[in-house]
Amino acid sequence: MQELLTFLSTHTNELVLLCLAAFGAGFIDAIVGGGGLLQTPATLLILPNYPVASIFGTVKIPSLLGTTVAAYKYSKQVKFNIKVLSACVFAAFCASLLGAYSVSMINNAVIKPIILVVLILVAIYTYFNKQFGIHQHKAHSVKKQLLLAGLFGLIIGFYDGLIGPGTGSFLILVFIGTLGFDFVGASAHAKIVNIATNLAALIYFSSTGHVLFEYAIPMAIFNVLGSFLGAKLALLKGNKFIRIFFLIVVFGTILRFAYDVFLK
């Protein structure tokens, strides 16, 4: 108990800033994903003396718990496509484990310019296609949906384990643009897949000692609070609101990756 009190008294400023970042991340993530764009860089900035792997492992706990709360909120009003979800979850879980293992082996500088181009195209398409994600439509057979769900689960799951920020937004994009969901349905399904990717990465990072629990637990509490409020607002406002929020988060993601590519 004394050690805990000593830690709190000597790291108050860090904890306050981390909890604020976690709350904002949970709120954003519950609506359109992309909370890691706030939480991960903030944690790297506030805790500069820790290895990158430790930061990645630490933020997975608040992300996992916050996403779980958001998924629970969505589950009360959204009917899940269990077959599509199962295929995507299984593929994403396995790929996220591999991505987490590869954190120290792959140069992110090679991947980020590609992601930047993709994000710009996504923003342009979503902005000009006013009906994108507003109505649900099914253009594929069940078999093709399962194959596409598994394929994109592999790609995005690996990305989440390797880099992370923006995963929820990418999942929403896939569920809308490829699988024909509307924004509310896509957000709900994306949360379940994101739980799997966060859990897989957390299993790896915790097994290798890369989780700072003294920071992760209070961050998780505030991330959960943000997620609860974000999911409630998203369900209340509906598809058009989520579409606007999605565009804002994608634009923020573009700025973040542009900074990494051109200014770092």
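When reading the values below, keep in mind they use all heavy atoms of this one structure, side chains included, and skip hydrogens, waters and symmetry mates. Since the structure is predicted, the reported quantities are computational estimates derived from the model, not experimental observations. Start at 1 with the first residue, then count along the sequence.
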Problem set entry | Cation-aromatic face contact Lys60/Phe205, 6.0 Å, 45 degrees |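 So Lys60 doesn't make the cation-pi contact.
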Identify the heavy atoms of [X] and [Y] that sit nearest to each other, and give their distance.
X	Y	value
Ile172	Ala190	CG1-CB, 3.8 Å
Ala21	Ala42	CB-CB, 3.8 Å
Leu146	Ala87	O-CB, 3.8 Å
Ala30	Gly230	CB-C, 3.9 Å
Val89	Ala196	CG1-CB, 3.7 Å
Leu154	Ala95	O-CB, 3.1 Å

Contact between [X] and [Y] at the side-chain level, heavy atoms closer than 4.5 Å - yes or no?
X	Y	answer
Phe93	Ile203	yes
Leu229	Phe23	yes
Phe80	Ser75	yes
Thr178	Phe152	yes
Ser187	Tyr74	yes
Tyr215	Tyr50	yes
Phe170	Ile155	no
Leu44	Thr40	yes

About how many Å separate [atom2] of [Y] and [atom1] of [X], when rounded to the nearest 0.5 Å?
X	Y	atom1	atom2	answer
Ser206	Ile61	OG	CD1	7.5 Å
Ile31	Lys237	CD1	NZ	11.0 Å
Leu17	Thr43	CG	OG1	10.5 Å
Asn194	Ile156	CG	CD1	9.5 Å
Thr67	Lys191	OG1	NZ	7.0 Å
Phe56	Asp160	CZ	CG	10.0 Å

So does [Y] get a backbone contact from the side chain of [X], meaning a donor-acceptor N/O pair under 3.5 Å?
X	Y	value
Ser96	Ala92	no
Gln145	Leu179	yes
Thr68	Leu64	yes
His189	Phe175	no
Thr58	Val211	no

For this session: Treat each ILVMFWY residue as a node, draw an edge where side-chain heavy atoms are under 4.5 Å apart, and state whether Leu148 and Ile82 are in one component.
Result: yes
For this session: Following the transitive rule for hydrophobic clusters with a side-chain heavy-atom cut-off under 4.5 Å over Ile, Leu, Val, Met, Phe, Trp and Tyr, establish whether Tyr204 and Phe213 coincide in one cluster.
Result: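 In one cluster with Tyr204: Phe213, yes.
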Exercise. Within a reach of under 6.0 Å around CZ of Phe90, are more than 12 heavy atoms found that belong to other residues, nucleotides or ligands?
Worked result: no
For this session: Start with the C-alpha gap between Phe251 and Leu247, add the side-chain angles, then the distance that decides, and say whether side chain to side chain contact (heavy atoms under 4.5 Å, CB included) holds.
Result: CA-CA 6 Å; Phe251 182 69; Leu247 279 169; over 6 Å; no
Exercise. Is it true that the side chains of Asn223 and Gln39 contain a donor and an acceptor less than 3.5 Å apart?
Worked result: yes
For this session: Quick one: do Ile176 and Asp182 satisfy side chain to side chain contact (heavy atoms under 4.5 Å, CB included)? Show the steps, please.
Result: CA-CA 6 Å; Ile176 295 172; Asp182 60 17; over 6 Å; no
Problem set entry | Geometric class of the Phe241/Phe245 ring pair [parallel <30°, tilted 30-60°, perpendicular >60°] | tilted
